[in-house]
A.B. asks: 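Just dropping this structure here.
Side chains are part of it too, since the values below use all heavy atoms of this structure and drop only hydrogens, waters and symmetry mates. Remember, it's a predicted structure, so these values are computed and weren't measured experimentally. A, B, ... follow the sequence lines: proteins, then strands. Residue 1 opens every chain.
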Amino acid sequence: MWGGAGAAVRMSTLLAPTLREVPAEAETESHRLMLRAGLMRRLAAGIYSHLPLGQRAIAKVEAIVRQEMDRQGAQEVRLPLVQPEELWVESGRSAKYGEELWRLKDRHGRPFVLAPTHEEVVTDLARREISSWRQLPLILYHVSNKYRDEPRPRAGVMRAREFVMKDAYSLDRDRDGLLAAYARMRAAYARVFTRCGLDWRVVEADPGTIGGGDTLEFVALADVGEAEIVWCEACGYAANVERAEGARPAEVEAAEGADGGAAGPVRIHTPGVRTIEDLVAFAGIPASATSKILFLWAEYAPDGRRELVAALVRGDRQLNEIKLANALGAVRLGMADRADVLAQTGAPVGSAGPVGLRGARLLTDLEVACGGAFAIGANQEDWHLFWAKAGRDFDPGQVADLRLVGAGDPCPRCGDALRGANGVEVGHMFALGAVYSQAMGALYRDDQGRSHPIEMGCYGIGITRTLAAVIERHHDRDGIVWPFAVAPYHVAVVPVAAGEDGTREAGERLYAELRGAGVETVLDDRDLRPGAKFKDADLFGWPLRVTVGRTLRDGAVELRQRRGGLTERIQLGGAAAAIRARVAAGLGETEPPPGHGSQAPDAPGW
RNA sequence: CGGGGUGUGGCCCAGCUUGGUUAGGGCGCCUGGUUCGGGACCAGGAGGUCGGCAGUUCAAAUCUGCCCACCCCGACCA
């Protein structure tokens, strides 16, 4: 696909405007570099034009994705980006998606949406076209723009409102078929991200608005990433912190204290104590021996009913609102303000506690409910209860895993310390099951003539976001350092030193040879001084740079590797062949070993 | 949606507090010349409704109001 005539270009004709100064709009390195190296330009917030080099890099990622999809037997289709909102009403997601769903009307005033994803369209296609078990299984995929009216686009293409995404949909007869498809896609994803040169992890995640059962995220490690993940080196457990389970404490925390409040909680006057910090300072106990109560409004679908909720977690923990929402079945949560809490429960926020709590639905984190005794507000200004125990001193209400898990916390599977990192969510897969097919009536007949909903899975890869993640990982102070696999071009031929005879001609000849050999090459034939060409070459990040200059008098050119800066002389005679071999080797660098990613679906992902 | 910030030639910015000549600088661009191995130099030149609208004023880039766009923090987020 990338061989032949289209694989080479003269810089003098290429629209690749570099910026010497850092654009004010950009904060992350990948965003800055994509602008500075002339890969893209902003049209509106979160919407970009991709220029020739950006387009080529995107096409490289797409090509890798297509190869890996095809390898697993998936079939490419092209689906509409403009979809009747009706379909989304039918699936129930029009309401769930809220304002992020980009709505528009046609001239007749009929409501449409710009596709953020294609479950509805695929399910609709399936219900029309699939009627027999003989037509299954099937995996369809497509690559297209997606639209999400993000409240706050940021970091360029990392969180955009229009972006390129590959999405795949598996259609199966039953759960086993779905799991097999899921495993295949997982294997494909492992190969895709490895080939792109990313340092990535697969983690368990929260299904969010898409619904369904199992879900995995593929996260490219990067400090600027918005996804926080934890993983265990010992047993392989890995999860997004939104999902990561809190380890169930094996036994009662030692923090119970010497006298332990064996006879019951002790009421202590604590003037001015409002926060956990205050309480720790006042009582000289660790924060882990305290607990705190947080008040939130929970909203439920479909009637928008609201309820005040009190969540009790240990003083040193943070509440995971997603877990809380899931425990409640709520669609939305928001912190309640102190006035609301006081009005509803009569409890002052800084001194609120579970003992004698009224007017709010109480949920207690596992850790607090497991038998330990904690210091907690007494529901009276300036008073706290020490050594209060769930079950003995108050009704814990609904007990659930509610805390946010972080690095250093014990692994929920094996107890080892978890590690943590930030990353960019580049892929996501969901074993949907029958949620969409059920809602939209996508049914097939089995060999007995019985009707069943199609078992579905969906699988996304953020193409443009993956590209940003690649740059985030592969750059230095001078510019991009492309891995061969996604570099817009592999080699730059740079003739310099006008004082030397024949550098231009030699450069032209070498360029023609490389081009003829199918090597993806740019010729920097611009009338610029050497320094400017070198700086640009570094910024563009070509994996290899061939300088045709003063060494020409010895019949040699210089071959420089962008990564590491290693420079060597090679004879002009064999240069094209040598460079070609170097490109082939470079392309092999990120090629996964045989069998990579093809492990069983429940094996650790790395 | 809440909080903060910024809008001045293609890019980065100064000028605004304290209204007052032809609105500036650097980079880039065009022409000519000298240069030519890590973003050269000289000379000449083009390019701006100062985000928009309304107001205050003899006079507005500068003051006031409204609006818009963009950025950051938060909320939100397959």
Side-chain angles (χ1 to χ4, degrees), chain A residues 17-28 31-32 35-36 38 41-47 91 93 96-101 115-120 146-156 158-161 163 165-169 205-212 215-218 226-227 240 242 296-297 321-322 325 331-335 337 425-430 432 435-436 457-462 465 478-479 494-500 503-504 524 526-539 545 547-552 557-558 560 565 567:
Chain A
T18 55
L19 300 174
R20 208 193 302 199
E21 301 195 65
V22 180
E25 71 187 69
E27 273 230 323
T28 60
H31 187 192
R32 285 190 194 121
L35 293 169
R36 287 193 57 214
R41 289 293 183 260
R42 187 180 66 78
L43 179 66
I47 300 180
S91 72
R93 284 208 297 179
K96 257 199 227 166
Y97 243 93
E99 296 199 307
E100 207 173 306
L101 190 57
T117 170
H118 285 73
E119 282 79 18
E120 281 77 4
K146 295 288 183 296
Y147 298 84
R148 284 178 203 177
D149 196 359
E150 290 281 349
R152 187 149 93 82
R154 64 191 112 170
M158 205 83 100
R159 182 171 209 72
R161 294 197 293 172
F163 53 97
M165 181 167 147
K166 182 284 306 180
D167 44 331
Y169 303 89
D206 183 86
T209 59
I210 203 156
T215 169
L216 292 174
E217 274 177 8
F218 288 73
E226 297 179 83
N240 188 309
E242 292 177 351
L296 300 93
W297 285 107
E321 290 191 22
I322 292 176
V331 289
R332 221 179 299 280
L333 285 178
M335 290 301 295
D337 58 43
E425 182 195 335
V426 287
H428 207 150
M429 53 175 63
F430 304 82
L432 295 173
V435 284
Y436 289 86
C458 70
Y459 315 86
I461 290 180
R465 184 183 268 189
D478 295 315
V494 183
V496 295
E500 298 286 332
T503 58
R504 228 190 61 176
D524 197 346
R526 296 174 300 174
D527 187 18
L528 290 178
R529 296 163 57 82
K533 291 188 180 186
F534 294 154
K535 286 289 188 190
D536 260 1
D538 287 348
L539 180 55
R545 187 184 91 200
T547 310
V548 185
R550 60 191 171 203
T551 59
L552 194 59
V557 295
E558 286 163 289
R560 179 186 166 91
T567 307

A.B. asks: So if I take every side-chain heavy atom of A:R42 and compare against B:G74, B:C71, B:G37, which nucleotide ends up nearest?
C.D. replies: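 Looking only at heavy atoms from C-beta outward on A:R42, the closest nucleotide is B:C71.
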A.B. asks: Write down the partner of B:A40 under the Watson-Crick or G-U wobble criteria, each distance required to be under 3.5 Å.
C.D. replies: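 Checking every strand shown, B:A40 finds its partner in B:U34, with both distances under 3.5 Å.
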A.B. asks: Identify the heavy atoms of A:R41 and A:P17 that sit nearest to each other, and give their distance.
C.D. replies: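 Nearest heavy atoms, A:R41 then A:P17: NH2-O, 2.8 Å.
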A.B. asks: Select base, sugar-phosphate, or nothing to describe what A:P23 touches, counting heavy atoms under 4.0 Å on all strands.
C.D. replies: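 If one applies the 4.0 Å heavy-atom cut-off, A:P23 turns out to touch the sugar-phosphate alone, with no base involved.
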A.B. asks: Are A:F534 and A:V496 packed together at the side-chain level, in the sense that at least one heavy-atom pair is separated by less than 4.5 angstrom?
C.D. replies: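 Yes; the side chains approach each other to less than 4.5 Å.
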A.B. asks: NA contact type, A:F163, heavy-atom cut-off 4.0 Å: base, sugar-phosphate, or nothing?
C.D. replies: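 Touches a base.
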A.B. asks: Classify the nucleic acid contact of A:E558 as base, sugar-phosphate or nothing, counting any heavy atom under 4.0 Å across all strands shown.
C.D. replies: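 Base, at least one base atom sits under 4.0 Å.
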A.B. asks: Any donor-acceptor pair under 3.5 Å joining the side chain of A:R545 to the base of B:G38?
C.D. replies: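 Indeed there is one.
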A.B. asks: In the strands shown, is B:C58 matched to any nucleotide by a Watson-Crick or G-U wobble pair with both distances under 3.5 Å, and which?
C.D. replies: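 Result: B:G20.
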A.B. asks: Side chains of A:Y169 and A:D167: donor-acceptor distance under 3.5 Å anywhere?
C.D. replies: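 Yes - a donor-acceptor pair under 3.5 Å links their side chains.
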A.B. asks: Classify A:D167 by what it touches in the nucleic acid, base, sugar-phosphate, or nothing, heavy-atom distance under 4.0 Å.
C.D. replies: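 Since no nucleic acid heavy atom lies under 4.0 Å of A:D167, the category is nothing.
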A.B. asks: Just checking A:E242: base, sugar-phosphate only, or nothing, at a heavy-atom cut-off of under 4.0 Å?
C.D. replies: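 The residue A:E242 makes no contact with any strand.
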A.B. asks: So what does A:A26 hit on the nucleic acid, given a heavy-atom distance under 4.0 Å: a base, only sugar-phosphate, or nothing?
C.D. replies: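 The residue A:A26 makes no contact with any strand.
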A.B. asks: When you check the side-chain N and O atoms of A:E120 and A:S91, is any donor under 3.5 Å from an acceptor?
C.D. replies: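 Result is yes, a qualifying pair exists.
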